[in-house]
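What follows is a short report on a single structure.
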Amino acid sequence: MKKNNKLFFLVLSLVLGFSFGAIALLAAGYDPFQAYSVIFQGIFGRPKYISWTIIRATPVIFTGLGVAFAFRTGTFNIGAEGQYIIGSLVAVAVGYFLQLPLVLHIPVILICVVIAGALWGGLAGFIKARFGVNEVITTIMLNWIAFYLNNFIIYLPGFKKPDSEASFSIQSSASIKLFTGLRKTAENPAIKDFFSAPVNMGFVIAIVTAIILWYILNKTTLGYSLKAVGFNPDAAEYGGINVKKNLVISMAISGAVCALGGATQVLGVTGNVATLSAMEGNGFDGIAVALLAFNHPIWALLSGLFFGGLKYGGAQIQRVMGAPYEMIQIVIGTIILFSSMPLFIKILSKKWNTKKGGVNNV
């Protein structure tokens with residue numbers, strides 16, 4: 001699809017999404033202009049809100065990048081949620097039990113997380129390559145395995161914090177928080193307010209990851225092979241590309257990136273993992289981020305920030321107006337629905353041209 005068409009459908013999706021959200025707000029008895037103003041103020045009203053928006057966006061940027069990479073290479077990674085959980089668990093385990101200096105601790109954690117995420121994601125790719133089981137099924141099942149594995153591991157002796165539903169916190173040498181002292185020492189009120197939130201390196205790592213993925217897809221032989229397999233496996237195999245191997249590699253890279261989302265959240269925000277009563281949804285939101293970004297790694301950064309803003313700023317309409325938070329979910333769902341229109345219109349156009357050609361040939 002051409003860039004101009006993508007931009008048109010992106011703008012159309014946003015306009016229709018906010019329009020349908022406004023209709024839902026009106027039907028529920030709320031002023032949509034006031035609601036959207038509250039959301040805007042909830043994102044940009046204070047420096048603290050901006051930093052929290054970035055913090056909330058970072059996990060879904062990672063899962064969006066992972067899902068987008070899989071989609072671009074012809075695989076459907078619906079297991080971003082489980083890979084995110086695995087990344088969180090490994091980050092806590094290595095961050096708590098391993099004693100290393102700061103310069104080594106963080107890189108070691110990230111390497112371990114990448115390996116674990118790659119193995120978890122690659123497992124679905126291997127099952128498809130070896131046994132022909134659709135990756136949608138295996139990744140969904142692996143989500144639940146990761147979910148219950150998380151709750152099981154937290155209760156293991158030496159891992160669970162006494163009188164708590166969470167694990168022990170990571171060592172200080174494993175933290176990726178930035179400029180924590182500015183919260184108390186900064187003289188400028190805006191700077192002090194911005195750093196009152198747990199600002200960390202997660203967003204920076206996400207930017208670097210997006211650039212690396214873009215480079216792999218567009219500038220390397222591996223990226224060419226992966227996209228060739230995704231576009232037409234039969235033609236790729238005929239051209240000498242190992243389809244099964246590339247399938248596993250694609251899912252492994254996707255899983256590794258999604259796992260980084262869980263790791264950065266632990267290392268930069270929570271410091272531990274807790275018992276999950278339900279899935280948090282960062283992995284599933286990543287699917288929406290990827291779709292809105294048309295599976296482009298750089299666009300996924302902007303898409304993730306947009307979702308982070310809606311999630312964080314949207315919570316304010318409940319506090320300020322008493323409007324249900326589900327209204328924001330309606331807006332997000334509608335935007336995603338209309339963002340799928342390019343493919344729908346492309347299919348209709350192809351059918352119309354085929355039918356027209358058939359009539360002309362009669």
Side-chain angles (χ1 to χ4, degrees), residues 1-19 21 36 39-45 47 49-73 77 80 84 194 197 199-219 223 254 257-258 260-261 264-265 268-269 281-315 328-329 331-343:
M1 188 185 302
K2 295 180 180 179
K3 184 181 291 186
N4 290 339
N5 291 340
K6 287 183 178 180
L7 184 59
F8 169 76
F9 282 112
L10 174 61
V11 173
L12 180 64
S13 299
L14 295 177
V15 170
L16 291 174
F18 283 112
S19 298
Y36 290 148
I39 294 172
F40 186 83
Q41 289 296 320
I43 300 172
F44 301 104
Y49 298 161
I50 296 173
S51 60
W52 268 112
T53 296
I54 296 172
I55 291 167
R56 288 291 299 273
T58 300
V60 296
I61 288 175
F62 276 108
T63 54
L65 286 170
V67 172
F69 185 88
F71 285 174
R72 284 287 297 274
T73 55
N77 183 9
Y84 176 93
F194 184 86
V199 178
N200 60 79
M201 292 173 56
F203 185 62
V204 177
I205 298 173
I207 293 174
V208 174
T209 303
I211 294 172
I212 292 173
L213 292 181
W214 176 87
Y215 184 83
I216 290 174
L217 286 170
N218 296 284
K219 302 294 181 180
S254 178
V257 174
C258 293
L260 281 174
T264 54
Q265 187 72 0
V269 183
N282 287 310
F284 299 116
D285 286 342
I287 298 173
V289 168
L291 290 174
L292 190 62
F294 298 104
N295 301 323
H296 193 286
I298 306 302
W299 283 35
L301 293 172
L302 301 177
S303 177
L305 285 172
F306 175 74
F307 270 82
L310 282 182
K311 290 282 187 178
Y312 182 74
I328 296 302
Q329 301 300 326
V331 173
I332 293 175
T334 310
I335 290 172
I336 297 306
L337 174 65
F338 285 106
S339 69
S340 64
M341 285 179 62
L343 179 59

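Please read these numbers as outputs of a predicted model, since none were measured by experiment.
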Output the distance between atom [atom1] ([X]) and atom [atom2] ([Y]), rounded to the nearest 0.5 Å.
X: I207; Y: M201; atom1: CD1; atom2: CE; answer: 11.5 Å
X: L14; Y: S19; atom1: CG; atom2: OG; answer: 10.5 Å
X: W214; Y: K219; atom1: CH2; atom2: NZ; answer: 4.5 Å
X: L213; Y: F69; atom1: CG; atom2: CZ; answer: 6.0 Å

**Message:** Among residues at least two apart in sequence or on other chains, which ones pass side-chain contact (heavy atoms from CB on, under 4.5 Å) with V208?
**Reply:**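 For V208 the side-chain contact (heavy atoms from CB on, under 4.5 Å) partners, ignoring immediate neighbours, are I212.
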
Residues in side-chain contact (heavy atoms from CB on, under 4.5 Å) with L302, at least two apart?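 For L302, no residue satisfies side-chain contact (heavy atoms from CB on, under 4.5 Å) once neighbours in sequence are set aside.
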
Is any side-chain heavy atom of [Y] closer than 4.5 Å to one of [X]?
X: L291; Y: F71; answer: yes
X: Y312; Y: I43; answer: no
X: V67; Y: V289; answer: no

Give me each pair satisfying side-chain hydrogen bond (donor to acceptor under 3.5 Å, both in side chains) with a member in residues 63-73, each pair once, sequence neighbours excluded.
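Matches after skipping sequence neighbours: T73-S250.
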
### Query
Any sub-3.5 Å donor-acceptor pair from T264's side-chain atoms to L260's backbone N or O?
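Flag set: sc T264 to bb L260 pair under 3.5 Å.
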
Go through the structure and list residues passing ring pair (Phe, Tyr, Trp, His ring centres under 6.0 Å) with F284, not counting sequence neighbours.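 None.
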
| query | Partners of Y215 by ring pair (Phe, Tyr, Trp, His ring centres under 6.0 Å), sequence neighbours excluded? | reply |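 If we apply the ring pair (Phe, Tyr, Trp, His ring centres under 6.0 Å) test to Y215, skipping adjacent residues, there are no hits.
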
So, using side-chain hydrogen bond (donor to acceptor under 3.5 Å, both in side chains) as the criterion, who are the partners of N200 when residues are at least two apart?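 N200: no side-chain hydrogen bond (donor to acceptor under 3.5 Å, both in side chains) contacts found.
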
Check your understanding: So which pairs with a foot in residues 298-313 pass salt bridge (charged side-chain N to carboxylate O under 4.0 Å, His left out), sequence neighbours left out?
Key ->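 For residues 298-313: D285-K311.
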
Would you mind writing out the side-chain donor-acceptor pairs for residues 50-62 within the sub-3.5 Å range, not counting sequence neighbours?
residue : atom : partner : partner atom : Å
S51     : OG   : K48     : O            : 2.8
S51     : OG   : F194    : O            : 3.1
T53     : OG1  : Y49     : O            : 2.9
T58     : OG1  : I54     : O            : 2.8

Self-check item: Minimum-distance pair of heavy atoms, taken over all atoms of N77 and S254
Solution: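 Shortest heavy-atom separation between N77 and S254 comes out as ND2-OG, 2.6 Å.
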
Closest non-hydrogen atom pair, A68 against A290 |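 So the two residues come closest at N-CB, 3.7 Å.
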
